[in-house]
Amino acid sequence: MVRTVPAGQYVCMKGDAVEHWLGVVDGLVKMASNWSSGKTTSFVGLSSGGWFGEGSLMKDEPRRYDVIALRESRIAYMKRSRFQHLLDHSIPFNRFLLIQLNERLGQFIGMMEHERLLNTDARLARCLASMFNPLLYPGSSLELRISQEEIGLLAGISRQRVNQALHVLEQAGLVRVDYGTLTILDLDRLRCFGE
DNA sequence: ACATTAACAGGAA
DNA sequence: TTCCTGTTAATGT
């Protein structure tokens, strides 16, 4: 089943019962944590072709995080029974899942490494590059419609600092900055910026 | 040093 | 009108 979620709306909320495996057919969503104290932080941006929520599905637990559409997005819902059946019977499906989990793990280990070793400009570069992982998001284009404020939430830095860093990356010819839109010009160099 | 918050003005949607 | 961007000043670690 595919449903369209308008910009700013929740795709699912922390605490929800998990009945589906979710995928981004088209659009952009973020996985985030919003505390009752008002504190909020985002973890990953997921673009076209990205699947998520398999963790809670396999552990049979309530949703751990909020997922919010950053712009109008089409979300695919695969029923738990279907997911379970594929898991039990399809080797290609298991391989897909294994690759995805492996890539995610790599992504998060990388985040820790970058957090500790890189300056802010480079961290932003990695954060952007991670949203274009071809294995995790096979359908995404190199154009990212996202505000600088959202980038800040995803990268864990302030909006003003994002603005500064984007100009550094633009100067280096790695991205192009337009109103509400970011275009990746050189993904390979973005991936290793600052090394 | 370097990042953050706050504030504001100008421009886009 | 509301959202986004570019900038600066004050503040914090």
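In the text below, chain A, chain B and the rest are named by the order of the sequence lines, each starting its count at 1. Model, not experiment: these values are computed from the prediction.
Distance A:Q164 CD to C:dT5 P: 15 Å, rounded to the nearest Å. One interatomic measurement links the two molecules: CZ of A:R159 to C1' of B:dA7, which rounds to 10 Å at whole-angstrom precision. Summarising the geometry, the separation between CD on A:E115 and C1' on B:dA3 is reported as 13 Å, rounded to the nearest angstrom. Whole-Å rounding puts the A:E149 CD to B:dT4 P distance at 13 Å. Distance, A:L182 CG to C:dC4 C1': 14 Å, rounded to whole Å. Taking atom CZ of A:R161 as the reference point, atom P of B:dC2 lies 9 Å away to the nearest angstrom. Here B:dC2 presents its P atom at 17 Å from CG of A:L124, a figure rounded to the nearest Å. Computed from coordinates, the A:H167 NE2 to C:dT5 P distance equals 10 Å when rounded to whole Å.
Taking CD of A:Q164 as the reference point, atom OG1 of A:T120 lies at 9.0 Å (rounded to 0.5 Å).
You'll find that the side chain of A:S158 is closest to B:dT4, out of B:dT4, C:dG6, B:dA12. Residue A:Y179 has its side chain nearest to C:dC3 when only C:dG6, B:dA3, C:dC3 are considered.
Under 4.0 angstrom from either OP1 or OP2 of C:dC3 there lies no side-chain N or O belonging to A:S147. In terms of phosphate contacts, A:N163 brings no side-chain nitrogen or oxygen within less than 4.0 Å of OP1 or OP2 of C:dT5.
Outside the 6.0 Å centre-distance limit, the rings of A:F43 and A:F108 are not counted as a close aromatic pair.
A donor-acceptor contact closer than 3.5 angstrom links the side chains of A:Q100 and A:E54.
In the interface, the side chain of A:Q160 is paired with the base of B:dA6 through a donor and an acceptor atom under 3.5 Å apart.
Between A:D121 and A:R123 there is no salt bridge, since no side-chain N of the basic residue sits under 4.0 Å from a carboxylate O of the acidic one.
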